[in-house]
Amino acid sequence: MTGFPVERPRRLRRTPALRRQVAETRIDPSMFVLPVFVVSGSGIRNEIPSMPGNYQLSVDELIPLAREAESLGVGGMIFFGIPDTKDEQGTSAWDPEGPVPRAITAVKKHAPGLVAWADVCMCEYTSHGHCGILDGDVVDNDATLPLLAKAALAYATAGADVIAPSDMMDGRVGVIRDTLDNAGFEDIAICSYSVKYSSAFYGPFRDAADSAPAFGDRRSHQMDPPNVREARREVELDVLEGADMVMVKPAGPYLDVIREVRDMVDLPVAAYQVSGEFSMVKAAAERGWIDGDRVMIESLIGIIRSGADIILTYFAIDAARALKEGR
Ligand code: PBG
């Protein structure tokens with residue numbers, strides 16, 4: 001017979017050293033990717049009201065942040081561009097002098113220890129804020145694919161290590177893979193936002209990136225929150241098309257989906273702790289309702305425990321610092 005009083009799980013929880021030694025889930029800043037919003041010009045630092053501590057930054061202002069992230073051991077940065085001009089087709093998405101290509105080149109130069117990720121989507125670049133070209137009121141899937149490929153190629157040319165399409169058009173991973181390969185970028189990886197839900201948790205991001213749709217929503221291409229078998233199907237297709245990593249987004253409300261994806265593929269699984277997840281913690285902490293540092297780390301541990309290898313998070317620098325200081 002085992003069980004109480006012989007077995008006492010509390011024995012291994014007695015001291016911080018014991019707890020640290022038996023921890024089943026490890027968290028390390030190399031797992032983090034910090035999302036940043038880049039604008040043209042210089043000396044620009046616009047705080048994003050709904051995302052405290054996050055800024056729209058010009059490239060010169062981004063460099064010290066990248067150095068800081070690198071020195072704290074943060075794994076990488078993912079860039080979102082806010083272009084000077086928008087049009088129906090989103091042509092500035094592939095401008096080689098646009099904010100994202102310039103940010104990539106600068107960060108590769110000044111903080112080479114970071115992995116440079118480039119988000120690929122049209123919504124920041126189109127005048128209507130939709131993720132691709134419109135045919136009437138509908139995003140035209142197949143007509144959008146070559147535009148995404150052009151943007152991906154511009155970012156790879158600037159030096160991106162990882163191309164991360166977030167648009168949710170069908171077939172985009174294959175088209176981007178072909179385009180990169182034909183241009184000699186066969187070694188540049190693709191992390192597909194394979195499982196991206198149509199989520200209200202993206203609210204603050206759309207302020208930050210100025211990318212809210214002018215009408216309608218993204219439900220015709222982003223996934224419906226109740227579905228998880230469909231998530232498996234999205235992952236299977238992206239793997240067949242050549243994805244090197246797959247992502248689930250948002251993270252916290254979809255931990256079961258992260259686990260499902262982890263159990264079905266051997267590729268690295270990324271999870272995006274999105275703007276709304278971040279801002280809720282910040283807002284509650286500002287009010288003194290929760291301990292912001294502890295909730296930050298606990299939320300990240302939960303995402304790792306559910307199976308994520310990589311976390312895109314606005315907490316990347318704060319969490320790296322908290323871990324370093326043993327907070
Ligand atoms: C699309 C994109 C979005 C996010 C990342 N890439 C917004 C959207 O789909 O509307 C959201 C990220 C976040 O909320 O932090 N370019």
Side-chain angles (χ1 to χ4, degrees), residues 32-38 48-56 76-83 86 90 92-94 98-100 103 117-133 139 144 147-148 151-152 155 160 162-169 172 176 190-225 234 246-254 270-283 296 299-300 303 308 310-316:
F32 305 154
V33 177
L34 175 68
V36 288
F37 302 97
V38 197
I48 300 156
S50 54
M51 299 179 69
N54 287 264
Y55 300 79
Q56 295 177 341
M77 268 188 169
I78 183 163
F79 305 100
F80 296 94
I82 297 126
K86 304 191 186 212
S92 43
W94 53 85
V100 169
W117 292 51
D119 180 272
V120 174
C121 187
M122 304 311 293
C123 67
E124 296 121 71
Y125 301 94
T126 52
S127 42
H128 42 71
H130 282 286
C131 304
I133 286 199
V139 180
T144 300
L147 309 190
L148 297 166
Y155 307 151
V162 179
I163 300 296
S166 66
D167 53 282
M168 289 299 278
M169 297 301 114
R172 89 272 209 213
I176 291 174
I190 297 176
C191 176
S192 177
Y193 287 69
S194 300
V195 185
K196 178 175 176 182
Y197 288 93
S198 176
S199 173
F201 285 90
Y202 306 152
F205 174 96
R206 292 180 186 172
D207 295 341
D210 186 23
S211 66
F215 61 88
D217 55 40
R218 308 212 199 287
R219 289 180 217 215
S220 71
H221 47 289
Q222 298 182 348
M223 278 184 54
D224 203 22
E234 285 282 6
V246 291
M247 194 194 302
V248 175
K249 174 185 176 190
Y254 296 90
Y272 198 141
Q273 182 181 52
V274 300
S275 55
E277 296 177 73
F278 168 84
S279 297
M280 289 193 309
V281 174
K282 282 289 188 189
M296 164 178 78
S299 68
L300 295 167
I303 295 165
I310 297 167
I311 307 178
L312 287 76
T313 174
Y314 303 93
F315 286 126

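Every number for a ligand or one of its atoms is a count from 1 in the order of the listing.
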Enquirer: Only one of I133, D167, T144, T126 passes side-chain contact (heavy atoms from CB on, under 4.5 Å) with V139; say which it is.
Expert: T144
Enquirer: Checking a contact table here: which protein heavy atom is nearest atom 12 (C) of ligand 1, and how many Å away?
Expert: F205 CD1, 3.3 Å
Enquirer: Is it true that a side-chain atom of S279 and a backbone atom of S50 form a donor plus acceptor pair closer than 3.5 Å?
Expert: yes
Enquirer: Going by the atom numbers of ligand 1, which of them fall below 4.0 Å from some non-hydrogen atom of C123?
Expert: 1 (C), 16 (N)
Enquirer: Could you find the nearest protein heavy atom to atom 16 (N) of ligand 1 and give me its residue, atom name and distance?
Expert: E124 OE2, 3.0 Å
Enquirer: Taking the six-membered ring for Trp and the full ring for Phe, Tyr or His, determine whether the centres of F32 and F315 are under 6.0 Å apart.
Expert: no
Enquirer: Return a yes/no value for R218: is any of its N or O atoms, backbone included, closer than 3.5 angstrom to an N or O of ligand 1?
Expert: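 Yes, there is a polar N/O contact under 3.5 Å.
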Enquirer: Taking all non-hydrogen atoms of both residues into account, name the closest pair between R218 and S198 and its distance.
Expert: C-OG, 4.2 Å
Enquirer: In the protein, which heavy atom is nearest to atom 14 (O) of ligand 1, and how far is it?
Expert: S275 OG, 2.7 Å
Enquirer: Going by the order shown, which atoms of ligand 1 are within less than 4.0 Å of some heavy atom of S166?
Expert: 1 (C), 2 (C), 6 (N), 16 (N)
Enquirer: Report the nearest protein non-hydrogen atom to atom 5 (C) of ligand 1: residue, atom name, distance rounded to 0.1 Å.
Expert: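 Sorting protein heavy atoms by distance from atom 5 (C) of ligand 1 puts K249 NZ, 2.5 Å first.
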Enquirer: Does ligand 1 have any atom sitting under 4.0 Å from a heavy atom of M168?
Expert: no
Enquirer: Quick one: does any side-chain atom of S275 pair with a main-chain N or O of F201 as donor and acceptor, under 3.5 Å?
Expert: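 Yes, because the side chain of S275 sits within donor-acceptor range (under 3.5 Å) of the backbone of F201.
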Enquirer: Give the atoms of ligand 1, by number and element, whose distance to some non-hydrogen atom of Y272 is under 4.0 Å.
Expert: 12 (C), 15 (O)
Enquirer: Tell me whether the centres of the aromatic rings in F79 and Y155 are closer together than 6.0 Å.
Expert: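 Not close enough - the centres of the two rings lie 6.0 Å or further apart.
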Enquirer: Using a 4.0 Å heavy-atom threshold (strictly under), name the region of F80 that reaches ligand 1: side chain, backbone, both or neither.
Expert: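 Side chain only; the backbone of F80 stays clear of ligand 1.
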Enquirer: When you compare the side chains of S299 and Q273, does any donor N or O come within less than 3.5 Å of an acceptor on the partner?
Expert: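 S299 vs Q273: donor-acceptor pair found between side chains.
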Enquirer: Quick check with a 6.0 Å cut-off and a 45 degree axis cone: is K196 positioned over the face of Y272's six-membered ring?
Expert: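 Not satisfied by the 6.0 Å and 45° rule.
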Enquirer: Would you mind listing which atoms of ligand 1 come within a distance below 4.0 Å of any non-hydrogen atom of D119?
Expert: 6 (N), 16 (N)
Enquirer: Under 4.0 Å from any heavy atom of R206, which atoms of ligand 1 are there?
Expert: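 The atoms of ligand 1 under 4.0 Å from a heavy atom of R206 are 8 (C), 9 (O), 10 (O).
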Enquirer: Can you name the atoms of ligand 1, numbered from 1 with element, that are less than 4.0 Å from a heavy atom of K196?
Expert: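 Per the distance check, 1 (C), 2 (C), 3 (C), 6 (N), 8 (C), 9 (O).
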Enquirer: May I ask you to decide if P165's main-chain N or O and R172's side chain share a donor-acceptor pair within less than 3.5 Å?
Expert: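 The answer is yes, because a donor-acceptor pair under 3.5 Å joins these two groups.
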Enquirer: Short list, please: which atoms of ligand 1 are under 4.0 Å from a heavy atom of Y314?
Expert: 12 (C), 13 (C), 15 (O)
